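This is a predicted model, so every value here is computed, not measured. Here, residue 1 is the first one in the sequence, and each next residue gets the next number.
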Amino acid sequence: AHLPVEHGGHGAARPEDAAAAWFARQRRVPVNHVKALQRQQISATVTKVLVLAQVSPSDMPTAFVTVRRDRAGWKVP
């Protein structure tokens, strides 16, 4: 499954996609090595997503990533 990645002001269709794309860039891994585990809706336009990156079999960092929705879609501020 191809996840939409943020480019040039276009947001992702889902908060999980925006968070996974951002965390993949932070950890320098392909986006298909990042999984969204859960999400917590803070408001209509703000959601926190728990993501896990598989950097290696023994290195699997997690993070809560806050994403915001605007007219273009979901983005990490």
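Under the 4.5 Å side-chain contact rule for hydrophobic residues, F23 and V46 do not share a cluster.
Atoms CZ and CZ, from R69 and R71 in turn, are 12.5 Å apart once rounded to the nearest 0.5 Å. Atom OG1 in T62 sits 13.5 Å away from atom NZ in K35 (nearest 0.5 Å).
With sequence neighbours excluded, no residue forms a side-chain hydrogen bond (donor to acceptor under 3.5 Å, both in side chains) with R27. Legend: residues meeting side chain to side chain contact (heavy atoms under 4.5 Å, CB included) with P77, ordered by chain and number and at least two apart, are R68. For the side chain to side chain contact (heavy atoms under 4.5 Å, CB included) test, residues two or more places apart in sequence or in another chain that qualify with S58 are S56.
W74 and A44 make their closest contact through CH2-O, 4.3 Å (heavy atoms, listed as atom of the first residue, atom of the second, distance). When every heavy atom of A19 is checked against every heavy atom of V76, the shortest pair comes out as CA-CG2, 4.4 Å. For the residue pair V49 and V67, the shortest heavy atom distance occurs at CG2-CG2, 4.3 Å. Closest approach of A18 and A12 over heavy atoms only: N-CB, 3.6 Å.
The closest side-chain heavy-atom distance from I42 to T47 is not below 4.5 Å. Two residues are said to be in side-chain contact when any heavy atoms from C-beta on lie closer than 4.5 Å; D59 and P61 meet this criterion.
The stretch residues 39-58 participates, sequence neighbours left out, in these salt bridge (Lys or Arg N to Asp or Glu O under 4.0 Å) pairs: E16-R39.
When hydrophobic side chains of Ile, Leu, Val, Met, Phe, Trp and Tyr are connected at separations under 4.5 Å, L37 ends up clustered with L50, L52, M60, F64.
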Test side-chain contact (heavy atoms from CB on, under 4.5 Å) on K75 and D70 and set out the steps.
CA-CA 8 Å; K75 298 175 191 163; D70 63 17; 3.0 Å; yes

